[in-house]
Amino acid sequence: MKYGILEGLGVVLLALGGQGAIRQLVDHGNAGLLGRLPGGSTAGITVYVLAVVIGALVASRAHAAAKTAGRGR
């Protein structure tokens, strides 16, 4: 159960970071969730890419742990 929740949270973080980074690259003025972040669009893109990497790692590790526990695909 906890691996499924962690995997889901990782995928959500991956999706939010991915769409935020793409939106920031296309429209530099639209910061989205990170509108109040100091540093401009460069800092925003960095945070979004970091969210993608962390989300992918969390989802991957949770999926591997669930697989090892015998509950994965």
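Because the structure is a prediction, the values reported are computed rather than measured.
- Applying the side chain to side chain contact (heavy atoms under 4.5 Å, CB included) rule to Leu34 yields the partners Leu37, Val47, Tyr48; only residues at least two apart in sequence or on another chain are considered.
- Partners of Leu16 by side chain to side chain contact (heavy atoms under 4.5 Å, CB included), not counting sequence neighbours, listed by chain and number: Val12, Gln19.
- With a 4.5 Å cut-off between side-chain heavy atoms of Ile, Leu, Val, Met, Phe, Trp and Tyr, the cluster of Leu13 takes in Leu50, Ile54, Val58.
- Gln24 CD to Thr46 OG1: the interatomic distance, rounded to the nearest 0.5 Å, is 9.5 Å.
- Residues forming a side chain to side chain contact (heavy atoms under 4.5 Å, CB included) with Ser60 (at least two apart in sequence, or on another chain): none.
- Listed by first then second residue, pairs satisfying side-chain hydrogen bond (donor to acceptor under 3.5 Å, both in side chains) with a partner in residues 50-59 number zero, not counting sequence neighbours.
- Scanning both residues, Ala43 and Pro38, for their nearest heavy atoms gives CB-O, 3.6 Å.
- Counting side-chain heavy-atom gaps under 4.5 Å among Ile, Leu, Val, Met, Phe, Trp and Tyr, the cluster of Val52 also holds Leu14.
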